[in-house]
There are 4 protein chains.
Amino acid sequence: MAKKKVPSMVKDQQLIQRRREQMVKGAVALFKQKGFHRTTTREIAKESGFSIGTLYEYIGSKEDVLYLVCDSVYEEVRNRLESLLTNETVGLDRLKQVIQSLFKVIDDMQDEVLVMYQEAKSLPKEALPYVLEKENAMTAIIESAVQTCCKEGHLELSEQEIRMFAHNIMVGGHMWTFRRWSLQKEFTLDEYTSLQTRQLLYGVVQENIKVDEKF
Amino acid sequence: MAKKKVPSMVKDQQLIQRRREQMVKGAVALFKQKGFHRTTTREIAKESGFSIGTLYEYIGSKEDVLYLVCDSVYEEVRNRLESLLTNETVGLDRLKQVIQSLFKVIDDMQDEVLVMYQEAKSLPKEALPYVLEKENAMTAIIESAVQTCCKEGHLELSEQEIRMFAHNIMVGGHMWTFRRWSLQKEFTLDEYTSLQTRQLLYGVVQENIKVDEKF
Amino acid sequence: MAKKKVPSMVKDQQLIQRRREQMVKGAVALFKQKGFHRTTTREIAKESGFSIGTLYEYIGSKEDVLYLVCDSVYEEVRNRLESLLTNETVGLDRLKQVIQSLFKVIDDMQDEVLVMYQEAKSLPKEALPYVLEKENAMTAIIESAVQTCCKEGHLELSEQEIRMFAHNIMVGGHMWTFRRWSLQKEFTLDEYTSLQTRQLLYGVVQENIKVDEKF
Amino acid sequence: MAKKKVPSMVKDQQLIQRRREQMVKGAVALFKQKGFHRTTTREIAKESGFSIGTLYEYIGSKEDVLYLVCDSVYEEVRNRLESLLTNETVGLDRLKQVIQSLFKVIDDMQDEVLVMYQEAKSLPKEALPYVLEKENAMTAIIESAVQTCCKEGHLELSEQEIRMFAHNIMVGGHMWTFRRWSLQKEFTLDEYTSLQTRQLLYGVVQENIKVDEKF
DNA sequence: TATGAATGAGGGTTCATTCAT
DNA sequence: AATGAATGAACCCTCATTCAT
């Protein structure tokens, strides 16, 4: 699943990098306000700080902007997540830290994540597989943390259960953004993280809950 | 939050009803293929079986179609869900049945639910509160089932925990559609329902899992 | 070589016919001034007496206009030519009449013919074979007149010579338009017709010229 | 009718000469594929082996390129033609040689000639008179050969007939390119030259044809 | 009530030309 | 003298909406 190549008329790779960063930043700002379809290329250019002509020196079509946005958001989410994941904790605490970090990152990048979620369906057909792969890779990071817990004997889950759990953690993070109209009115991020962690790990059935100082 | 009034030039309420049903059916079919923005009003009219002129006799703008779609999908989901919820089961089994029914309904109406999820952001500004309210109402159905469980002493949860849990059940249903590219490749609906029910109720921490014959 | 189908959103065939006639008329007027590429679709619409939106109800692309122009010009040239060709004359006189008529028609439709000549290369790739076929059909009309002369014993030419001669007559007509900057300064149409007829039939070598009262 | 001055930022006349030669060569290659309007200045620059910035050091506008192309093609046609025209033949043979040489040169430079023909109308308004003059000059070369024949008594033609004949010879050459889709399928260059020469000189009316060994 | 032709604002994209380096 | 990134006017085309029939 090769990275989709976004065409550019400009030769200087560093410049391409820089301009595309401006572009992604501008585009996210607009997409989160009005969505991909209601945002015009002219607006993207202006918000990015250059002319419409210049915009098209760095992309082949409007959809490429969306692709660059998604690509960049994934990259940043992963980088931030990995930088938060120290190796100091072990066992279930490790897992709790993963959840907490994920939620933190998503909270920090709410707009970006939301945009990605809501507009991904408008990606150019060829780009979709690549983006889904990125999403899988994200889930895999979580999955591997769960797997470690299993190997260390803190959890005893089947392969399927591990996959399911990883999905639930990811979605638990994402819903913080796409249901924010409700969740963020009811909970602070800390409350949300604490509650979700408990329900994810121990479920809701009474007697099973392990008291946990942290949460 | 009053139901948004969709304007019509036609007097006969029954006719309006009938035409709008055709319209919603046609629109869903198109939206699930190409999304709201890429679908033209002409296409909607054609798919619905009448002319573009006639379409505009029953709506005020393209966005009204989306609103009608969302409204209709919510209504149908709720009706179907309620018709599945008999009062024969009690206690935790009752809750499990709610989850199972919800997932079943969502599976049956995948395309509609997905369309609603992905396009809701394009609703006319005035319609959004009403639709969010509908979403809240849906969550409230779940919430009330959870609450019943609490009152009956099967669960002991705070108000916040109840809300959180209801959200998680709803999202557990929805993710079956919006992550179907992954989930539906890995699980059948029954497997998914079974696994999710267990994780939702008992979490993943080993020793806590209550064996349950059904799931 | 099927006639290229030009798409239209409008159902009424008569209306299509009428609008396309307006369109062709407007387009020819513009193309002869500024050429196909320098003429904008908006200008064509305006000159044709309707809006840009309406223009695109009757064509699929700008190139379709050019195709319609070419098609229409050929049709009219052929019709006019055929209506001029009575069956009263025979022998070489018949041939002279054909030449005279052809030149007359081309003179009448100078602008149209010139536009067709100069812009044909911009036709949509799929349309080119059809248009070349039309050109061949035109040449064939001439050719058949020549052939009749041969059969009747007034000329004795090989197949190749007949083809060549037909081409020369056709081009003799066309050059009246595409070299008009020179020819029409030096000759009137009658002079031109007279001179060309003589040179085409008898060449230039002195002693061979048959005195002909008419020319 | 002065040669149009094409502006350049560069001082060194030799360099200008060299660069413009590259440019014309590149441009012809592109124009014959896609026509003048569909060729971009960037493409011309690239095909010529330098940058778009450099291109504009040697011309004032895109149309100047077309002018340079036309100018250069005329020059080369004339040079080649003159180099083919030895003074060894006399009388009608001289004329036949002129025709043969002209056709040969045009055949050798088909693409260039065709480009010039098809795109000349896009020349900058100020350049057109100069180019027409060149075309007249070309015709004059032929005309003078015809005139010589007359003076020597091999032909007896009026001034008008001479002009007409010269035009016919020129167009006889050009049509080899602009009707090549038909002519070059039916004839080899030699066949074409032979047939045309005969029809040009002796016409088609039977008894007049002088048998000629060469053709 | 139903139709569908007409409209034109507005969108994505191109490309000739400029100018700082 | 050479480069190529930047510019923005202008192009082709789409489509939501209207309105006369």
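Computed over heavy atoms, backbone and side chain alike; hydrogens, waters and symmetry mates excluded. Every chain is numbered from 1 and lettered A, B, ... according to where its sequence line falls, protein lines coming before strand lines.
Between C:Glu57 and C:Arg19 there is no salt bridge, since none of the side-chain N atoms of the basic residue sits less than 4.0 Å from a carboxylate O of the acidic one. Electrostatic pairing of C:Asp64 and C:Lys4 counts as a salt bridge here, judged by a charged N lying under 4.0 Å from a carboxylate O.
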Carefully, step by step, assess B:Arg38 and A:Glu63 under the rule salt bridge (charged side-chain N to carboxylate O under 4.0 Å, His left out).
-> CA-CA 13 Å; B:Arg38 294 198 204 287; A:Glu63 287 175 336; 3.3 Å; yes
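Side-chain N/O atoms of B:Arg38 include none lying less than 4.0 angstrom from OP1 or OP2 on F:dT14. A close approach under 4.0 Å does not occur between any side-chain nitrogen or oxygen of A:Thr54 and OP1 or OP2 of F:dA6.
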Sequence-aligned protein contact record of nucleotides 16-21 of chain F, with B where the base is within under 4.0 Å of a protein heavy atom and S where only the sugar-phosphate is = BBB---
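A distance-only check finds no donor-acceptor pair linking the side chain of B:Lys121 to the backbone of A:Glu119 [under 3.5 Å].
Between D:Phe36 and D:Phe31, the angle of the ring planes goes over 60°, which puts this pair in the perpendicular group of the 30/60° scheme.
Separating the OH atom of C:Tyr58 from the C1' atom of F:dT14 is a distance of 17 Å, rounded to the nearest angstrom. Here the C1' atom of nucleotide E:dG8 and the CG atom of C:Leu55 are 13 Å apart, to the nearest Å. Between the CE atom of A:Met23 and the P atom of F:dA5 there is a distance of 14 Å, rounded to whole Å. For B:Asp12 and E:dT1, the CG to P distance is 7 Å, given to the nearest whole Å. Distance, D:Lys46 NZ to E:dC15 P: 14 Å, rounded to whole Å. Straight-line distance from the NZ atom of B:Lys34 to the P atom of F:dC15: 8 Å, rounded to whole Å. Rounded to an integer number of Å, the gap from D:Asp64 CG to E:dA16 P is 13 Å. Distance B:Gln22 CD to E:dT1 C1': 14 Å, rounded to the nearest Å.
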Return one dot-bracket line describing DNA chain F 5' to 3' (Watson-Crick or G-U wobble pairs, both distances under 3.5 Å; ( ) same strand, [ ] crossing, | another strand, . none).
-> .||||||||||||||||||||
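Heavy atoms from other residues, nucleotides or ligands lying under 6.0 Å from NZ of D:Lys46 number 12 at most.
Under the 3.5 Å distance criterion, with hydrogens and angles disregarded, a donor-acceptor pair is assigned to the side chains of B:Gln17 and B:Glu21.
Checking F:dA6, E:dG4, E:dT7 against the side-chain heavy atoms of A:Arg19 singles out F:dA6 as nearest.
Residue whose closest nucleotide on DNA chain E sits further toward the 5' end, between B:Leu15 and C:Val10: B:Leu15.
Of all non-hydrogen atoms in A:Val115 and A:Val28, the two that sit nearest each other are CG2-O, 4.2 Å.
Checked options D:Glu135, D:Glu112, D:Lys134; the residue passing with D:Tyr74 is D:Glu135 (criterion: side chain to side chain donor-acceptor pair (under 3.5 Å)).
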